[in-house]
Amino acid sequence: MNRTHYCGEVNGKQNNGEAVTLCGWIQRRRDHGGLIFIDLRDRTGLVQLVIDPDIAGDYFVLGEKARPEYVIQVTGKVSLRPEGQENPNLATGDIEIYITEMEILNEAKTPPFLIEDNVDCDENVRLKYRYLDLRRPELQKNMKLRHDLTMKIRNYLDKSGFWEIETPMLTQNTPEGARCFLVPSRVHQGEFYALPQSPQLLKQMLMISGMDKYFQIVRCFRDEDLRADRQPEFTQLDIEMSFVNREDIMSLMENMMAEIYRDLMGVEIKTPFLRLTYADAMERFGSDKPDLRFGMELKDISDIAKESNFKVFAANVEKGGVVKGINVKGGEHFSRRELDDLTKYAGIFGAKGMAWMVVIGGEDKVKSPIAKFFTSEQIDAILERLSAEKGDVLMFISDNYETTCNVLGNLRNEIAKRENLIDPNENNFLWVVDFPMFEYDDEEQRYAAKHHPFTSPMDEDLDKLESHPDEVRAKAYDMILNGVELGGGSIRIHRSEVQSKVFGLLGLSKEDAIENFGFLLNALQFGTPPHGGIAFGIDRMVMLMTQRKSIRDVIAFPKTQSAACLTTNAPGAVAPKQLRELGLELRKKDEE
RNA sequence: GGCGCAGUAGUUCAGUUGGUUAGAAUGCCAGCCUGUCACGCUGGAGGUCGUGGGUUCGAACCCCAUCUGCGUCGCCA
């Protein structure tokens, strides 16, 4: 092969008159009988080839044989196009290449869909033929950006003194957290490795080893249900540092993001990012990953509602619940049907109902099914609390604190989407900090770690660890971009006795703690430096940078919602011999 | 596990109240065509209506089950 140029890089200014050799795929062939045009494609773009029988000679018949997606190599002369024949839609549209030699390197079956951007094609088909889908310029561009991003990250962390260290994929299963993928051991029959959900404990042990600053761009696995932004295997930027506090890590990371966005997106990002406590984020935005590209903050009207004659509200506040509302500016255009629809939407997140008021001004002030339960003074107070003006619509949810915030947080996002309140080109970064250490798991009837059980409690809350675990805050932080959690981390527990205590609070008996995490508790006793870290979802990051709605668009070979790979047909059955070697036997379906 | 949407030609879709031989566009194949760039013109081939069952004289259409994909809640330390 003696390719001299890529298709998209041939250039009228530099290459005019030059003989070039190009390789690529045929995008399209336009056969005029006596003259054939071919658009040749490689990962850099398209260029037009001209096959003129007077110049191409015997190669003309190859042009007649050529079909879309055939792989060809051509040699020809770069020429400026005749006056008026330039194609402004093509980067190389000012030139074309007169073929003097041509070879069909490989023929191709007709592809099931057209290889070009914005093809409307069932995702089933696209995933089955993923290698063809990946030929589309858009997906190639996404892969390139992903490459640029990881190169940038490696470069930034290298110059900041980090070492990239690999941790094992075949590792120990631990309880807590997501479901693991298990790998049966042949040598140790009846025992299993687990694929890592994250290298958390291993990177902490690297700190004990004195590696000081570690990072890894690493595949992680979680056997949980999928979403548009969730895959069972995903790539994480994993970071851990010794002798640092929260602020050290956060500033290093926001500088990294600023550099990434400046160099890859041409966007200046202001640092430091806004820091919002978890409590404030929930109170004001109803979410621990608030989208701050628009307002519509949640307002508490429990005190007013409590005095009203609206029993649903008053009774709820009486038994410890709250009433909160949002103001949809100029929302009076919502029809009754749309309001019903939003009520239904609120129901998805557990709301038992949604009350609303349309602000109409005048004597009645508001139009609302619940207006009659409020005095004129109470209505005034509500309007003032929510800064309401004529034309606004107020929506209220009443439930326990968590549900109320969560429902309104989701409503807030949904309405912003419907009302077009979001500038898609804005990049709004922030940190959410001071997460609660624990959350109560109703199903398991015990506390569970909100972040993970290795997160350090805040020093000032240490004495509440046993008396009021629900009030203990953690040295944890999440980086949020446009309402999406990009990454999260924490300062870790570096003292064995604190770690034991936390395990105890999580309902782990001493024996269980030793059985599952004994290696960590042991290691913590051999001189563990204070340390902390963070992990970012690389896939999500690329998804946001490319403004895609699905993480699948930035992963070369993604899985479907049922965790299958349509390209390779994984997962698949295995031969009985393989099972025997592993000491495994499959239960028959009807024995379940 | 729950809720919702979709499945008809290679692809994207239409298909009326259940009624003749299931259509269109595009792609594909063949012929013609020397300035196209979504080339054009003429002709042609192409269907397990996701699958299984049921209702009916008759089902792409109605009913039940099931599979696949997508979105979402739960779940995701």
Side-chain angles (χ1 to χ4, degrees), chain A residues 27-40 46-56 60 63-64 67-69 81-90 92-93 96 98 109-116 118-129 132 174-180 197-198 200-201 220-232 234 344-351 406-407 410 414 435 437-439 441-444 447-455 474 476 485 488 490 502-503 506 508 535 537 549-550 552 559-562 564 566:
Chain A
Q27 176 72 28
R28 219 178 235 109
R29 188 182 67 115
R30 291 176 294 277
D31 185 348
H32 288 243
L35 189 69
I36 299 169
F37 297 98
I38 287 175
D39 293 335
L40 190 64
L46 294 175
V47 68
Q48 174 163 278
L49 312 176
V50 187
I51 310 184
D52 183 324
D54 297 336
I55 297 165
F60 189 79
E64 288 179 315
R67 290 292 180 277
E69 301 310 315
R81 292 197 184 186
E83 187 84 30
Q85 292 296 336
E86 299 86 356
N87 184 350
N89 301 319
L90 210 59
T92 60
E96 56 197 355
Y98 282 87
K109 286 171 72 172
T110 303
F113 50 85
L114 212 56
I115 311 295
E116 63 181 31
N118 306 317
V119 283
D120 192 8
C121 182
D122 190 81
E123 197 148 4
N124 254 324
V125 182
R126 286 179 51 195
L127 288 173
K128 182 176 174 191
Y129 298 96
L132 298 180
T174 52
E176 290 276 329
R179 223 176 263 126
C180 284
Q197 301 170 29
S198 125
Q200 184 58 37
L201 295 179
C220 299
F221 305 86
R222 291 179 191 172
D223 190 5
E224 298 290 347
D225 285 356
L226 287 84
R227 287 284 189 288
D229 62 351
R230 239 154 59 185
Q231 285 272 309
F234 58 97
K344 209 170 128 196
Y345 182 79
I348 296 174
F349 303 96
N406 183 40
V407 170
N410 282 293
E414 178 67 16
F435 280 81
M437 182 84 183
F438 305 104
E439 61 189 344
D441 185 330
D442 290 326
E443 209 170 298
E444 304 258 332
Y447 283 102
K450 177 100 185 163
H451 187 51
H452 58 53
F454 319 108
T455 302
E485 181 194 330
S490 62
V502 169
F503 282 149
L506 293 172
L508 223 60
K549 286 204 181 69
S550 164
R552 295 186 297 279
K559 305 256 185 310
T560 66
Q561 199 167 72
S562 64
L566 296 184

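In what follows, chains carry the letters A, B, and so on, assigned in the order in which the sequence lines appear, proteins first and then strands, with residues in each chain numbered from 1. As the structure is a prediction and not an experimental result, all values here were calculated from the model.
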Handout entry: Candidate nucleotides B:rC39, B:rC29, B:rG10, ranked by approach to the side chain of A:Pro112 - the nearest
Key = B:rG10

Handout entry: Side chain A:Tyr345 and base B:rG4 donor-acceptor under 3.5 Å
Key = no

Handout entry: Phosphate-side-chain proximity, A:Thr560 and B:rG69, N/O vs OP1/OP2 below 4.0 Å
Key = yes

Exercise for the section: Nearest whole angstrom, please: distance from the P of B:rG27 to the CD of A:Glu69. Expected result: 14 Å

Practice task
State the pairing partner of B:rC32; accept Watson-Crick or G-U wobble contacts with both distances under 3.5 Å, and report none otherwise.
Solution key: B:rG40

Completion exercise
When rounded to whole Å, the CZ to P distance for the pair A:Arg81 and B:rC39 reads 13 Å

Handout entry: A:Glu224 CD to B:rC73 P, straight-line distance once rounded to whole Å
Key = 14 Å

Practice task
Write down the distance between CZ (A:Arg29) and C1' (B:rG40), rounded to a whole number of angstrom.
Solution key: 14 Å

Practice task
Look at the side chain of A:Ala564 and decide which nucleotide, out of B:rA38, B:rU34, B:rG69, has an atom nearest to it.
Solution key: B:rG69

Handout entry: Selection from B:rG1, B:rC28, B:rA30 that lies nearest to any side-chain heavy atom of A:Arg67
Key = B:rA30

Problem - Note: A:Arg29-A:Asp31 ion pair, threshold 4.0 Å (strictly below) - result: yes

Problem - Side-chain N or O of A:Arg227 closer than 4.0 Å to phosphate OP1/OP2 of B:rC73 - result: yes

Practice task
Answer with base, sugar-phosphate or nothing: what part of the nucleic acid does A:Gln48 contact at a heavy-atom distance below 4.0 Å?
Solution key: base

Practice task
Would you classify A:Ala178 as touching base, sugar-phosphate or nothing, given that sugar-phosphate means primed atoms plus P, OP1 and OP2, and contacts are heavy atoms under 4.0 Å?
Solution key: sugar-phosphate

Practice task
Could you let me know what B:rA24 is paired to, Watson-Crick or G-U wobble, both distances under 3.5 Å, or none if it's on its own?
Solution key: B:rU12

Handout entry: Strand partner of B:rC3, provided both Watson-Crick or wobble distances fall under 3.5 Å
Key = B:rG71

Problem - Phosphate contact (B:rC73 OP1 or OP2) by A:Arg230 side-chain N/O below 4.0 Å - result: no

Exercise for the section: Using the P atom as the reference point in each nucleotide, state the distance between B:rG18 and B:rG2 in Å, no decimals. Expected result: 31 Å

Problem - Whole-Å P distance, B:rU12 and B:rG50 - result: 13 Å

Exercise for the section: Map A:Glu96 and A:Leu226 onto RNA chain B by nearest heavy atom, then report which one ends up closer to the 5' terminus. Expected result: A:Glu96

Handout entry: Donor-acceptor pair (no angle test) under 3.5 Å: A:Asp122 side chain, B:rG7 base
Key = no

Fill in the blank from the handout: Walking RNA chain B from its 5' end, the first of A:Pro53 and A:Asp39 to be reached, judged by nearest nucleotide, is A:Pro53

Practice task
With heavy atoms under 4.0 Å as the rule, sort A:Arg552 into base, sugar-phosphate or nothing.
Solution key: sugar-phosphate

Practice task
For A:Pro68, report the nucleic acid contact type (base, sugar-phosphate, nothing); a contact means any heavy atom under 4.0 Å.
Solution key: sugar-phosphate

Practice task
Using ring pair (Phe, Tyr, Trp, His ring centres under 6.0 Å) as the criterion, list what pairs up with A:Phe234, not counting sequence neighbours.
Solution key: none

Exercise for the section: Describe the nucleic acid contact of A:Pro82 in one word from base, sugar-phosphate, nothing, applying a heavy-atom distance below 4.0 Å. Expected result: base

Handout entry: Distance, rounded to the nearest Å, where A:Asn406 contributes CG and B:rC73 contributes P
Key = 9 Å

Practice task
Answer with base, sugar-phosphate or nothing: what part of the nucleic acid does A:Ser198 contact at a heavy-atom distance below 4.0 Å?
Solution key: base

Exercise for the section: Go through B:rC73, B:rC37, B:rG35 for me and flag the one nearest to the A:Phe37 side chain. Expected result: B:rG35

Practice task
Give a yes/no on whether any side-chain N or O of A:Gln85 is located under 4.0 angstrom from OP1 or OP2 of B:rC37.
Solution key: no

Handout entry: Nearest-angstrom distance from the residue atom CD1 of A:Ile115 to P of B:rC28
Key = 12 Å

Problem - Per A:Ser562 side chain, nearest of listed nucleotides B:rA38, B:rC29, B:rG69 - result: B:rG69

Exercise for the section: Would you mind classifying the nucleic acid contact of A:Asp31 as base, sugar-phosphate or nothing, using non-hydrogen atoms under 4.0 angstrom? Expected result: base

Exercise for the section: Answer yes or no for this row: A:His32 ring on B:rC39 base, centroids under 5.5 Å, planes under 30°. Expected result: yes

Exercise for the section: Give a yes/no answer on whether the side chain of A:Ser550 brings an N or O atom under 4.0 Å of OP1 or OP2 in B:rC70. Expected result: no

Handout entry: A:Lys549 backbone acceptor or donor facing A:Arg552 side chain under 3.5 Å
Key = no

Practice task
For A:Tyr98, report the nucleic acid contact type (base, sugar-phosphate, nothing); a contact means any heavy atom under 4.0 Å.
Solution key: base

Exercise for the section: Identify whether the distance between the nearest side-chain nitrogen and carboxylate oxygen of A:Arg81 and A:Glu86 falls below 4.0 Å. Expected result: no

Problem - Donor-acceptor side-chain pairing of A:Gln48 and A:Arg30 below 3.5 angstrom - result: yes

Exercise for the section: Compare side-chain N and O positions of A:Arg30 against OP1 and OP2 of B:rU36 and report whether any pair is under 4.0 Å apart. Expected result: no

Handout entry: Check: A:Gly34 main-chain N/O paired with A:His32 side-chain donor or acceptor under 3.5 Å
Key = no

Fill in the blank from the handout: note: A:Leu90, atom CG; B:rU36, atom P; distance rounded to Å ~ 15 Å

Problem - A:Thr110 backbone acceptor or donor facing A:Glu69 side chain under 3.5 Å - result: no

Exercise for the section: Could you measure between the two C1' atoms, the one in B:rU17 and the one in B:rC13, and give it in whole Å? Expected result: 23 Å

Problem - Side chain of A:Ile348 (C-beta onward), nearest among B:rC73, B:rU12, B:rC70 - result: B:rC73

Exercise for the section: Without swapping roles, check the side chain of A:Glu224 against the backbone of A:Arg179 for a donor-acceptor pair under 3.5 Å. Expected result: yes

Practice task
Rounded off to whole Å, could you give me the CZ-to-P distance for the A:Phe113 and B:rA9 pair?
Solution key: 17 Å

Exercise for the section: Answer yes or no: does a side-chain N or O of A:Arg179 lie under 4.0 Å from OP1 or OP2 of B:rC76? Expected result: no

Exercise for the section: Assign A:Asn87 to base, sugar-phosphate, or nothing according to its heavy-atom contacts below 4.0 angstrom with the strands shown. Expected result: base

